[in-house]
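Below is one structure; the comments refer to it alone.
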Amino acid sequence: MASDTGVPIDAHFTHCYDDFVLDVDLALPAKGVTVLYGQSGSGKTTLLRCLAGLVHAPGGVLSVDGEQWQGDELFVPTHKRPIGYVFQEPSLFEHLTVEGNLNYAQKRVDLADPSDSVLSSNEVIELLGIENLMQRKPNQLSGGEKQRVAIARALFSQPELLLMDEPLASLDTQRKREILPYLEKLRLELKIPIVYVTHSIDELSRLADWVVVLDQGRVVANGSLADVLTALDSPMQLDDAGVVLETTIRSREAQWALMRVSFIGGELLLADNGRAEGETLRVRVDARDISLTLSQHTDTSILNALPATVIEISACPSQDAVLVKLGLGHQSIAALDESKAMDEQSKASRDSNEMLLSRITRRSAEHLALAVGSQVWAQIKSVAVLR
């Protein structure tokens, strides 16, 4: 069972195919969701399969929570690794009911101490909302229901590491929307590390605590969600520039179907999604959806205007635009210098909820005479914020 000590997953693999080389050296967190992100062919699934032992990379090294699974003279086979693996396709036993599929996974577990279980059977069933599916067979389930059962089956094996290979890839948009809230619950409830493969920025934004970006078999970015999203030299900025805010639902404007959410850096009015007041909510604000002004406007349809200070400006690869990193609140140059000297823990906390990115044209940046220290207002359309 993974501990709370913060002992990381240490993974070092070099594996060659005819036209592809995976070459990674990683230390991943022992808790939370690590997302392996990148385009098709970047090496995400190959890395996941190395972690599972499904691919044997000679010379590789892997330890999880201080226990070595692969080394110089050691290779623990897949069936002896305490992992749960969720594939793109559910691959349930068609001749068994949901209950039968879960029981099959449970029978293969030999726990010396039942208190070491990831979650109890009832907790897993409730967490994934499959109580009413137990007597059905796979051919009586929707795609989303099958995948929830597949996740439950993986958890019934009481893993120390949960590996998920694009579990939503085979689902249509509606089914993805249905299953994502369950995955968000897993992120909050599970005390074991999850490594999750995706090329979806939406899944990354809603689930990731840590992000590893792969390109052609190599790591091109590796860090906390906030660090990877707000670094102006991150490969994420090519197409997916933006930030993720951890917010709390505070109140509603029922007549307008809006809700007000708060976070460390301020408040936003968003389209109401029906979630209860007091609930936490991750929201993604894309850089392309933030416009900048030098003064606050009231004669506008844009409902959200946050005071901000320019921290950094970087040219975009397209050359016709710039990416502007903003610290929320109007700050002096001295305050900006002081914030740069913050310890890493404080900096990470600030970055996660007190930063925005704005992509604007070079012409606009010059027109506004933007520079480090410029005080601006960041305007955000309510309908543009993604939840």
Side-chain angles (χ1 to χ4, degrees), residues 201 204-205 208 210-211 213 220-247 262-268 282-297 302 304-381 384-386:
I201 185 63
L204 177 144
S205 299
W210 194 266
V211 179
V213 184
V220 292
N222 177 31
S224 70
L225 176 66
D227 285 346
V228 171
L229 289 184
T230 59
L232 296 192
D233 60 352
S234 168
M236 299 288 292
Q237 311 312 358
L238 296 176
D239 302 301
D240 300 318
V243 299
V244 173
L245 304 174
E246 302 276 358
T247 73
S262 66
F263 58 103
I264 293 175
E267 292 186 335
L268 292 171
R282 273 191 173 190
V283 299
R284 187 173 95 243
V285 186
D286 286 343
R288 61 176 174 267
D289 293 324
I290 297 180
S291 62
L292 303 178
T293 65
L294 297 180
S295 58
Q296 188 174 18
H297 290 263
I302 299 177
N304 299 299
L306 299 173
T309 304
V310 175
I311 292 176
E312 190 177 351
I313 302 174
S314 176
C316 294
S318 62
Q319 299 300 313
D320 63 343
V322 296
L323 201 58
V324 184
K325 181 187 284 191
L326 304 165
L328 288 172
H330 285 159
Q331 308 171 48
S332 65
I333 294 291
L336 288 178
D337 290 339
E338 182 180 343
S339 70
K340 290 178 182 178
M342 295 170 67
D343 63 85
E344 286 302 312
Q345 184 174 356
S346 299
K347 180 177 180 294
S349 173
R350 179 202 67 192
D351 283 354
S352 63
N353 275 292
E354 294 186 67
M355 289 283 183
L356 292 175
L357 294 177
S358 174
R359 178 180 283 148
I360 60 175
T361 63
R362 288 195 301 116
R363 185 179 187 280
S364 294
E366 185 171 333
H367 174 69
L368 296 176
L370 294 185
V372 173
S374 295
Q375 296 186 346
V376 297
W377 290 85
Q379 298 189 131
I380 309 166
K381 296 174 66 174
V385 178
L386 302 167

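The basis for the numbers below is simple: all heavy atoms, side chains too, and nothing from hydrogens, waters or symmetry mates.
- Distance check: Asn222 CG to Ser234 OG gives 11.0 Å after rounding to the nearest 0.5 Å.
- Here the CG atom belonging to Leu245 is positioned 7.5 Å from the CG atom belonging to Leu328, to the nearest 0.5 angstrom.
- Atoms CD1 and CD1, from Ile302 and Ile380 in turn, are 9.5 Å apart once rounded to the nearest 0.5 Å.
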- Task: Given side chain to side chain contact (heavy atoms under 4.5 Å, CB included), test Leu370 with Ile360 step by step and report yes or no.
- Result: CA-CA 11 Å; Leu370 294 185; Ile360 60 175; 3.7 Å; yes
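- The line from NE2 of His367 to OG1 of Thr361 is 10.0 Å long, rounded to the nearest 0.5 Å.
- Taking the side chain as every heavy atom from C-beta outward, Ser314 and Asp233 never approach each other to under 4.5 Å.
- Put simply, the side chain of Leu294 reaches to within 4.5 Å of the side chain of Val376, judged on heavy atoms.
- Counting heavy atoms from C-beta on, the side chains of Ile290 and Leu357 never come closer than 4.5 Å.
- Interatomic distance, CD1 of Ile311 versus CE of Met355, reported as 3.5 Å (0.5 Å rounding).
- Between Leu268 and Thr247, the closest side-chain pair of non-hydrogen atoms is not below 4.5 Å.
- For the salt bridge (charged side-chain N to carboxylate O under 4.0 Å, His left out) test, no residue two or more places apart in sequence or in another chain qualifies with Arg363.
- Rounded to the nearest 0.5 Å, atoms CH2 (Trp377) and CG (Leu292) are 12.5 Å apart.
- For the pair Thr309 (side chain) and Gly329 (backbone), a donor-acceptor distance under 3.5 Å is present.
- Of all non-hydrogen atoms in Ile264 and Glu354, the two that sit nearest each other are CG2-OE2, 3.2 Å.
- No donor-acceptor pair under 3.5 Å is formed between the side chain of Arg359 and the backbone N or O of Ala321.
- Trp210 is not listed as a side-chain neighbour of Val228, based on a closest heavy-atom distance of 4.5 Å or more.
- The side-chain heavy atoms of Val211 and Asp227, taken from C-beta on, include no pair separated by under 4.5 Å.
- The closest side-chain heavy-atom distance from Arg282 to Leu225 is below 4.5 Å.
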